[in-house]
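The next block holds one structure in the form of C-alpha cells; read it before the comments.
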Amino acid sequence: MTAVEEDIIEGTGAEQLVRVPLGSRSYDILIGPGMIARAGGEITARLKGRRAAIVTDGNVGPLYLETLTDSLQTDGIEAVSLTLPAGEKTKNFDNLIAVVDLALTARLDRNDMIIALGGGVIGDLAGFAAGIVKRGVRFVQVPTSLLAQVDSSVGGKTGINTRHGKNLVGVFHQPDLVLADTQTLATLSQREFRAGYAEVAKYGLIDKPDFFAWLEKNREEVFTGGAARIEAIAASCRAKAAVVAADERENGARALLNLGHTFGHALEAAVQYDSARLVHGEGVAIGMVLAHEFSTRLNLASRDDADRVRTHLRQAGLPVSVDEIPGALPPAEELMDAIAQDKKVKGGKLTFILTHGVGQSFVADDVPASEVLSFLKEKYPQ
C-alpha cells in the first residue's frame, strides 16, 4: 500500500470508508450494507443543499427509489425523481436534456444536488447534467452495480454516447459523496456481477500483481459475498482514488485505468451498444485479454501472462475473445475506425495501455495502426 493509499482508507470488516483526496474537493466513498437507507443522514452531514433531483432507471427505481426518497425526506431533503430506460442507449442527448430539465424545474441551486441511483449509465448521464446545470451543482453517486461501485462512480468522468463513439461528449465533474450499498449487489444478475468483476481484476492487472493473485485465490468468495467482496470493492476504490488524486484529468498516469478499454469501447460500438450482445464489462474483459496478447505480439510480455489473464477471466465467467460476441460483426477495418475515433488518440497517434506482464501496465503513445490492424485480423472473425 502506498503512502497515499494509507491516507485514504478507514474501517475494516462490514463497512469501509475510502477518501478521494482532492484538496477542497475531497470526498468520501462509503462502502457497506444499508447505505441507501441512511443516505439522508450521510448527505446532510456533508452538504448544505436541501433539494435533490434523483435520476434512476426502470430496473433500479422500483427496488430502491422509495427507500432513498424516504431517507432524504426524513433528513429534510426535498426530492424529485426521473426514471429512465435501463441500458447503454440511455446515455444520449435527449435524456441529458430530460435530466437538465428535471433539475431546473426543481429549481436546484448550486448547493443542491443531483443524485445518481443506478449503475454506470445513470451515473455518467446524471453526472454530466450535474456538471453543466448552472455551471455545476452538487453531485451524489449511489451506485447499485459492482461496475459502478468499483469504477464509474469514482473519479468524476461523466458523459454520453453519440454515433461517433462512446463517452465522446462529457465533462469532468467530481461527486461530493459516493454511497456504495453492497446490499444492492444481491439483486444483480450473474452477468451484471461478472461484468463488474472485470473492472475489479483490472486494478490488479494495472499495477497491483499482489491484488490480482489475491483475486485468483478469493474470486469465489467475492462472487458469493462476505468480507472478501467488501475488501475487493474497497481495494478497487483505494486504487482508483490514488490514481485520481495523482492525475485527476487524465494527463498522465490516469490513462492506465483504460487498460482494455480502447479495444472494449470499439467492440461496444461495433454492436451498436446492444447490451443483449455485449455489456461494458464484457468488452473490457475481452479488451484486457487483447491488450495482453497484443503486448505478447510486440515482444513486450510473455505468453504465460496473457494465458494467466485469459484463464482467470474465463473462470469468472467472462468472455475472453471476440468470437464469443453473438451476432455478426463489422469488418476489422471498421473496428479500426472506432479505435481511431476513441478519445485516447492524441495528435493522430494511437494510444494503448500495454503491459510487460501481470501488474506491469504502461501507456504506449505511438502504436502503429498497421500493427493493430494486422493483430485484429488475426483475432477478429471475418
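One is the number of the first residue; the rest follow in order along the sequence.
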Parallel, tilted or perpendicular, as decided by the 30° and 60° cut-offs, for the rings of H280 and H265: tilted
H312 and Y197 aromatic ring geometry - parallel, tilted or perpendicular at 30°/60° bounds: tilted
Do [X] and [Y] have side-chain heavy atoms sitting under 4.5 Å apart?
| X | Y | answer |
| --- | --- | --- |
| T105 | V80 | no |
| V243 | L256 | no |
| L205 | V358 | yes |
| V133 | L104 | yes |
| H292 | R308 | no |
| L329 | V271 | yes |
| V222 | W214 | yes |
| E293 | F375 | yes |

Derivation of the side-chain contact (heavy atoms from CB on, under 4.5 Å) call for I230 and Q16: CA-CA 8 Å; I230 291 178; Q16 297 208 29; 4.2 Å; yes
Sequence neighbours left out, cut at 3.5 Å: what donor-acceptor pairs do the side chains of residues 169-176 make with other protein atoms?
unit_1: H173; atom_1: NE2; unit_2: V137; atom_2: O; d: 2.9
unit_1: Q174; atom_1: OE1; unit_2: Y27; atom_2: OH; d: 2.7
unit_1: Q174; atom_1: OE1; unit_2: G156; atom_2: N; d: 3.3
unit_1: Q174; atom_1: NE2; unit_2: G155; atom_2: O; d: 2.7
unit_1: Q174; atom_1: NE2; unit_2: E248; atom_2: OE2; d: 3.3
unit_1: D176; atom_1: OD1; unit_2: R138; atom_2: NH1; d: 2.7
unit_1: D176; atom_1: OD2; unit_2: F139; atom_2: N; d: 2.9

Less than 4.0 Å between a side-chain N and a carboxylate O, is that true for [Y] and [X]?
| X | Y | answer |
| --- | --- | --- |
| K91 | E88 | yes |
| R238 | E231 | yes |
| R46 | E42 | yes |
| K240 | E199 | no |
| R51 | D109 | yes |

Set of residues satisfying side-chain hydrogen bond (donor to acceptor under 3.5 Å, both in side chains) with respect to R194, sequence neighbours excluded: none
Heavy-atom closest contact ([X] atom, [Y] atom, distance):
| X | Y | value |
| --- | --- | --- |
| A116 | G123 | CB-CA, 3.8 Å |
| G119 | S145 | CA-OG, 3.7 Å |
| V121 | G87 | CG1-O, 3.4 Å |
| A148 | G120 | CB-N, 3.7 Å |
| D75 | G41 | OD2-N, 3.2 Å |
| V289 | V320 | CG1-O, 3.5 Å |

Quick check on the hydrophobic clustering: are [X] and [Y] connected, directly or via other members, by side-chain heavy-atom contacts under 4.5 Å?
| X | Y | answer |
| --- | --- | --- |
| V178 | L22 | yes |
| V150 | L259 | yes |
| V279 | V322 | no |
| I325 | F294 | yes |
| V367 | F263 | yes |

Whether over 12 other heavy atoms sit under 6.0 Å from [X] [atom1]:
| X | atom1 | value |
| --- | --- | --- |
| E378 | CD | yes |
| E66 | CD | no |
| K134 | NZ | yes |
| Q272 | CD | no |
| E78 | CD | no |

Could you measure the distance from the [atom1] atom of [X] to the [atom2] atom of [Y]? Nearest 0.5 Å is fine.
| X | Y | atom1 | atom2 | result |
| --- | --- | --- | --- | --- |
| D124 | I160 | CG | CD1 | 10.5 Å |
| K377 | M336 | NZ | CE | 10.0 Å |
| S71 | Q73 | OG | CD | 10.0 Å |
| L376 | L290 | CG | CG | 7.5 Å |
| L179 | I36 | CG | CD1 | 8.5 Å |

Evaluation steps, side-chain contact (heavy atoms from CB on, under 4.5 Å), between L68 and I115: CA-CA 10 Å; L68 176 60; I115 301 176; 4.1 Å; yes
Test log, rule side-chain contact (heavy atoms from CB on, under 4.5 Å), inputs V60 and L65: CA-CA 7 Å; V60 174; L65 180 58; over 6 Å; no
Quick check against the 3.5 Å criterion: does [X] have a side-chain atom that pairs as donor or acceptor with the backbone of [Y]?
| X | Y | answer |
| --- | --- | --- |
| N95 | A98 | no |
| S361 | I353 | no |
| R229 | F223 | yes |
| D28 | L30 | no |
| E221 | N218 | no |
| T187 | T184 | yes |
| N92 | N161 | no |
| S295 | A291 | yes |
| T74 | D70 | yes |
| D57 | A86 | no |

Residue pair E268, H261: steps toward the side chain to side chain donor-acceptor pair (under 3.5 Å) verdict: CA-CA 10 Å; E268 287 182 86; H261 284 59; over 6 Å; no
Short side-chain donor-acceptor distance under 3.5 Å, E250 and N258: yes
T56 versus Y64, side-chain donor and acceptor atoms under 3.5 Å: no
Test side chain to side chain contact (heavy atoms under 4.5 Å, CB included) applied to V140 and L72, I54, L47, L117, the passing residue: L47
side-chain contact (heavy atoms from CB on, under 4.5 Å) evaluation trace for R254 with R249: CA-CA 8 Å; R254 184 168 177 172; R249 298 183 67 85; over 6 Å; no
